[in-house]
Protein chains: 2
Amino acid sequence: MPEPSRQQLRRQQTVEHIIRHAVDVMARDGVAALSLSEVARRMGIRSPSLYKYFPSKLSVYDELFRSGSAQLLSTFRDAAAAAEPGLAALAAGFEATGRFMMDNPVLAQLLQWRPVPGFEPSAEAFAPNQEFLGEIRRVVLDAVDRHQLRAEAASERGLIVLSILISGVLSQQLANDPKSGFDEGRYTSATGDVLAMFERTYAADGGPQ
Amino acid sequence: MPEPSRQQLRRQQTVEHIIRHAVDVMARDGVAALSLSEVARRMGIRSPSLYKYFPSKLSVYDELFRSGSAQLLSTFRDAAAAAEPGLAALAAGFEATGRFMMDNPVLAQLLQWRPVPGFEPSAEAFAPNQEFLGEIRRVVLDAVDRHQLRAEAASERGLIVLSILISGVLSQQLANDPKSGFDEGRYTSATGDVLAMFERTYAADGGPQ
DNA sequence: GTCTATAGCCTGATAGAC
DNA sequence: GTCTATCAGGCTATAGAC
């Protein structure tokens, strides 16, 4: 594979520019209210030029979904990898995910809710998201291996419960108290309690303590 | 207070018609994509006529928010009242709320998320929602009085955790599996587990079992 | 309370010159 | 890859006749 030419690099930068401005517009007007005209206006170009980079408005959402999922995945991965494997890694990943979402509310809404009529992520854009679920399962399995949680915690039902907890914290925070940061948020600050509830419910029977 | 005249009744019916058609449009095109022109088209009238009933598009959202919150409140109240006071009432209210939301996904999105740029419910529209929170607190306090839960369960933190659980179940179900009903839903069917987790965490120390 | 007519915007997307 | 010009339509909201 040849390395990317200068032209391709330049093009890639423009694509990132477009996405960045699109996020700004969504932050101001709502995720569903993205206007390509407004993006072009902010970039100081004419709207037809955007169509050299994206074939349609929905494809802009798709690229944002893809890159956002990928960022989220590596955020979780890095945080979990930096902690002791098992419960500590789960807690670290959980918290890092929450912080990332609160720092990127537009992305959070796009990934968690389905706010854009007619937009369904393509299989390619959805791939990092699938991988994210696998990553969580892996971390929970680590905790099971270390006798911190029962095997049940890594069952489909256990992981669904875990996803409900993350989603609940973030949904409530974004909808009812969107201006607070992660640490001050009425809901995000309950992250520890909620995770502790999960850990206690699925604690290994004869584990330490 | 005089009872409403026939004219006022007729007017009220038209208002309800408008709301009903607005919900249909939102169900098809997305909550944020409501178009009054489309509502008028479906009603077989011209769009200017709508302005005799609502001063603006946002006021349509406000009325929907108000009436939806009121319905949700009475749904919870009725279900809780029909059950044994305490934990059973909490579970019944929890489930009835979930069913109502899944039967009314447009309403669920409007009440739980904030999908409409520029729309904030008026104080009047928000009132039933506040009352709903009070109702939940009351039911949890009943459970505390009956020594089923610790007093902590009715603390602000306890109620926040409870709201996270409800919101998490519904958010995940609406976003990822919106076509299933309450009973088959991958997430709503975990309602019992999630509530059990709460009950166990806040169980009265020396309570029965 | 309904209508026609319209103001005054906005949008996404395309054709084709340079 | 940028532009001008434009299509073809959408929308909210208002004025004013009936």
Side-chain angles (χ1 to χ4, degrees), chain A residues 4-65 110 115-120 122, chain B residues 4-65 110 115-120 122:
Chain A
S5 69
R6 269 195 298 278
Q7 271 185 28
Q8 283 170 328
L9 275 177
R10 183 82 183 78
R11 191 183 164 80
Q12 191 48 40
Q13 280 180 359
T14 307
V15 165
E16 281 163 21
H17 257 141
I18 292 170
I19 294 289
R20 211 161 53 236
H21 281 98
V23 169
D24 289 347
V25 173
M26 290 187 251
R28 197 193 59 180
D29 297 338
V31 177
L34 173 61
S35 147
L36 294 190
S37 309
E38 177 64 18
V39 170
R41 218 171 287 129
R42 287 174 180 227
M43 292 178 70
I45 63 173
R46 307 295 158 195
S47 44
S49 304
L50 293 176
Y51 286 81
K52 298 288 174 184
Y53 301 92
F54 291 98
S56 71
K57 189 162 94 156
L58 291 185
S59 68
V60 175
Y61 283 116
D62 208 57
E63 170 58 18
L64 181 57
F65 193 101
L110 186 66
V116 184
F119 169 63
E120 289 290 325
S122 64
Chain B
S5 69
R6 268 195 298 279
Q7 270 184 29
Q8 284 170 327
L9 274 178
R10 182 83 183 78
R11 192 183 164 81
Q12 190 48 39
Q13 280 179 359
T14 306
V15 165
E16 282 163 20
H17 258 139
I18 292 171
I19 294 289
R20 212 159 54 235
H21 280 98
V23 169
D24 289 346
V25 173
M26 289 186 251
R28 197 194 59 177
D29 297 339
V31 176
L34 173 62
S35 148
L36 294 191
S37 308
E38 178 63 20
V39 171
R41 218 171 287 129
R42 288 175 180 225
M43 293 179 70
I45 63 173
R46 307 296 158 198
S47 43
S49 304
L50 293 175
Y51 287 80
K52 298 289 173 183
Y53 300 93
F54 291 97
S56 72
K57 188 161 95 155
L58 291 185
S59 68
V60 174
Y61 283 116
D62 207 56
E63 169 58 16
L64 181 58
F65 194 102
L110 186 66
V116 185
F119 169 63
E120 290 289 326
S122 64

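The structure places CD of E38(A) at 11.0 Å from OG of S47(A), a figure rounded to the nearest 0.5 Å. Note that CD of E120(A) is 10.5 Å distant from CG of D62(A), once rounded to the nearest 0.5 Å.
Here the side chain of K57(A) pairs no donor or acceptor atom with the backbone of L36(A) at under 3.5 angstrom. At distances below 3.5 Å, at least one donor-acceptor pair connects side-chain atoms of Q8(B) with backbone N or O atoms of S5(B).
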Going through the distances and angles, do Y53(B) and V60(B) end up as a side-chain contact (heavy atoms from CB on, under 4.5 Å)? CA-CA 9 Å; Y53(B) 300 93; V60(B) 174; over 6 Å; no
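R10(A) comes within contact range of no nucleotide atom at all, as no heavy-atom separation falls under 4.0 Å. If you check every strand for non-hydrogen atoms under 4.0 Å, S47(B) touches nothing.
Nucleotide dG1(D) holds its C1' atom 10 Å from the CD1 atom of I45(A), rounded to whole Å. Atom P of nucleotide dT2(C) and atom CZ of F54(B) are separated by 13 Å, given to the nearest angstrom. Between Q8(A) atom CD and dG1(D) atom C1' the separation is 15 Å, expressed in whole Å. The CZ-P distance, from R46(A) to dT4(D), rounds to 5 Å in whole Å.
Across L34(A) and Y61(A), no two heavy atoms sit closer than the pair CB-OH, 3.2 Å. The two atoms that bring S59(A) and F54(A) nearest to each other are OG-CB, 3.4 Å, heavy atoms only.
Note on S49(A): every side-chain N or O is 4.0 Å or more away from OP1 and OP2 of dT2(D). In terms of phosphate contacts, Y53(B) brings a side-chain nitrogen or oxygen within less than 4.0 Å of OP1 or OP2 of dT2(C).
Residues from residues 14-44 of chain A with heavy atoms under 4.0 angstrom of DNA chain D: there are none. Taking a 4.0 Å limit (strictly below) on heavy-atom distances, residues 57-64 of chain B reaches DNA chain D at K57(B).
Residues P55(A) and K52(B) each lie close to DNA chain C; by heavy-atom proximity, the contact nearer the 5' end of the strand is made by K52(B). Nearer the 5' end of DNA chain C, as judged by each residue's closest nucleotide, is the contact made by Q7(B), out of Q7(B) and P48(B).
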Indicate every side-chain donor-acceptor pair of residues 15-32 of chain A with a distance under 3.5 Å to a residue at least two apart or in another chain.
| unit_1 | atom_1 | unit_2 | atom_2 | d |
| --- | --- | --- | --- | --- |
| H17(A) | NE2 | R20(A) | NH2 | 3.3 |
| H21(A) | ND1 | H17(A) | O | 3.1 |

